[in-house]
Amino acid sequence: MTASDFMTTATPARRNAERKPWLDWMVVPTLVVLAVVVGYPIVYTLLLSTQDYNLLDFTPANFVGLDNYQTLFNDSIFWTSLRNTAVYSFGSVGISAFVGLALALLCENIGGRHSRLVRSLLLMPWAVPFVVVAFLFRYMYLQNGGIINAVLLWAGIIGEPVPWLNSASLAMPAVMVANIWAMTPFFFLLLSAALSGIPNEVIEAARVDRARTWSMIFFIKLPFLRNPLLISSLLMLIANFNDFAKIWAMTQGGPGYSTSTLVIYVYRLAFESFEFGYASAIGVIWLLLLLVFAVTYLRALRMG
Amino acid sequence: MALSRTNWLALIGAVSSVAMLAGGAVGQDKITLTFANWASAEGTTRPGIEKVIVDFEAANPDIDIVSESISFSEIARQLVLRARSGNPPDVAQISGNDTILLASTGTLEPLDGYISDTLKANIKPGALSTLTVDGKLIAFPWNQSPAGLWYNKKIMETAGLDPNNPPQTIDELTVALEAIHASQPDVIPLGIDTTNRAFALTSNWPWMQTFGAIPVGADANDADSPEMKAYLTWLRDLAQKGLIDPGRKIGEFRPLAAQGNVAFHWDQVLLQGVMQGANGMSDEDFYNTWGVTTLPVGSEGKPHSFEGGHQLIMFGSSAQKEAAWSFIEYLATNAAAINDYTVSVNSSLPSIVSTGDAAVDAKLDTPIFNAFSTEIIPTLSAQPYGPDFAAASTAIMAGVQEAITGTQPIDEIAANIQQQLDK
């Protein structure tokens, strides 16, 4: 093979590289699809948020500028819903990640035929549809006839049935427990996979250095798990920010507004009061918050 | 004469074309009506409504009914969205605030012009007045389903109460609830809907009126009023003593009532059918076990109730208005339809005085139907239905829930409700 052969094989590659504009045209269909399915709803929501638009009123909507945003900043229910969204999302993700991590570390060394059974059992909640999870817990939490109260009464832990979902102070933790139960297997699965990816040489070197269990976890395993934990947590934060089914099926945002999150509030405004203009303004704020998470997620991916 | 292959093909083509044209002409003569309803979405009422539709189609061979099943809680939302996007059904089943809500869109066909004088004379007094908006009849009353205070005589007897004298005042009711809770802790003393939805406000409204509270509407005395605070305080007291079971929808009490686990239940006339459907109780046993009376009176001095009956609406965009009206009239006034659906499976009262069928009229002569017709219907009170009612229901029922389940002072809760209503 002569040097000219190398030249002939290298030339087409360079020529392809020069055809970048042509490759850009190939992206146009994707851009068109994205513009229709993502761009149009966003732009339309932005427009709606500047209008006094009620679906029951068939007269043309009035342009009100930033009035809806001004109303929003003085709306105590919006702030309550925003706070509830933060508590629900960060609380559920934080606890699920912690429990998932603990379970992944505990199950790491389980071997043999029990390993599959234990892992299957731990993953089962992830396979249950969220609406089913919500109804399952709703009936378990019932003040009269719920199994949780029945067991606690039988064990003598409580003297009378607890109104889990009907107490303004207990409803949010109760809904979060259901959410954590459903979400923990995701973290367990992901972190188990990450744990198995830690190079054996690193573990063996630590053992040679007589690292104890806790040292091994804190100084060897956790640094390896940092990126998967961060990325999965950000993904789950976005998912929980949008979680409607579980909360709606269990409490519909009540009692009062104690479990009302942004998605519940937007739903009530848009589909019960038909206030699309105001609901869109909240939607825009909600979108901005999600964008912050999305940008953080992308940066974390790049860093990872 | 033998035909060539080309001629055969031409003949087949000609015959097919004629057949297709003839078929098309027949198809054009057949009218198709779309009927959005929740009757066909619920197991207990589906067989009844399907039979009525089949009977109507048999009596009107030129009309086809396409039944669209939509759940009760979704139907208003879907009808508004469909009206907005220009493809509403021809006819729809609707109820309560949703009827007036849809009327506010201006998409409903006024029905005044379709009702004959004979039919008008046969409609129960007052049945049309609440469905008249700006002088136009925007819906036809399919049936009447007012709410009454149901009481379980056996539970009352066990608690040492007189089963033939249900409580007539709020104070008497509170005493009775306490006696029941003390003697039978597993029984829910009072079933009342405290969920956060427009129907829950409709259901709670007569109770609020009993305390003199009118939180919203033209005659409102505001939510931040002594009357509303008295109602919220009473509810909190009941909840703290375990006399109500908060957070349940009205329908979630029904199976418990059928099992004999609810002493008093604020529910519509249809409860009898639901309970007997669930527990298979005979009519005789049912009347020995259950009675129904008016809502106890409070400071205001007179009982109140709400009309939970269902209405039928026609959309103005319907291309077949006469056929749509025939269907509406058939559902609400035909003796067979009343027998097979209104009375048998929906356990509600027809909106007409006489069905014209002695056997069907005789079916309505029961202790429960009579109690509703003679005692409860006269206590019906109009509610300030409309687009604002749905928005107000979220604020008011959230306040009711906070009063029942939280520890926030009642004064603050009432002030918060008012603040939301003022927005």
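Numbers restart at 1 for each chain; the letters A, B, ... are given by sequence-line order, proteins then strands. Remember, predicted model here, so these are calculated numbers, not experimental data.
- Among Ala403(B), Ala76(B), Ala198(B), Gly247(B), the residue with the largest count of heavy-atom pairs under 4.5 Å with chain A is Gly247(B).
- Put simply, the side chain of Leu142(A) reaches to within 4.5 Å of the side chain of Arg248(B), judged on heavy atoms.
- The shortest distance between side-chain heavy atoms of Gln420(B) and Ser76(A) falls below 4.5 Å.
- Heavy-atom contacts from other residues, nucleotides or ligands closer than 6.0 Å to CG of Leu46(A) number more than 12.
- Between Tyr257(A) and Gln401(B) the shortest side-chain heavy-atom distance does not fall below 4.5 Å.
- At a threshold of 4.5 Å between non-hydrogen side-chain atoms, the residues Pro246(B) and Gln143(A) count as touching.
- Gln252(A) touches chain B through its side chain: at least one heavy atom from C-beta onward sits under 4.5 Å away, while N, CA, C and O do not.
- Interface remark: Glu252(B) contributes side-chain atoms only to the contact with chain A (heavy atom separation under 4.5 Å).
- More than 12 heavy-atom neighbours from other residues, nucleotides or ligands sit within 6.0 angstrom of CZ on Phe244(A).
- Contact check for Val80(B) versus Phe271(A): no side-chain heavy atoms found under the 4.5 Å cut-off.
- Looking at Asn74(A), there are no atoms closer than 4.5 Å to chain B (heavy atoms on both sides), in backbone or side chain.
- The candidate with the highest count of non-hydrogen atom pairs below 4.5 Å against chain B, out of Gly253(A), Ser260(A), Ser258(A), Ala168(A), is Ala168(A).
- Of the atoms belonging to Ser393(B), not a single heavy atom falls under 4.5 Å from chain A.
- Phe98(A) CZ: 12 or fewer foreign heavy atoms inside a 6.0 Å radius.
- For Leu56(A), the parts lying near chain B are the backbone and the side chain together; criterion is any non-hydrogen pair under 4.5 Å.
- When heavy atoms are compared at a cutoff of 4.5 Å, Leu101(B) approaches chain A by way of both its backbone and its side chain.
- Within a 6.0 Å sphere centred on CG of Leu290(A), other residues, nucleotides and ligands contribute more than 12 heavy atoms.
- Other residues, nucleotides and ligands contribute over 12 non-hydrogen atoms within 6.0 Å of the CG atom of Asp422(B).
- Here Leu55(A) contributes atom CG and Ser85(B) contributes atom OG; the two are 9.0 Å apart, rounded to the nearest 0.5 Å.
- Looking at Asn166(A), both its backbone and its side chain come within 4.5 Å of chain B, counting heavy atoms on both sides.
- With chain A as partner, the option from Arg197(B), Glu402(B), Gln419(B), Arg77(B) having the largest number of non-hydrogen pairs under 4.5 angstrom is Arg77(B).
- Between Thr394(B) and Arg268(A) the shortest heavy-atom distance is CG2-CD, 3.7 Å.
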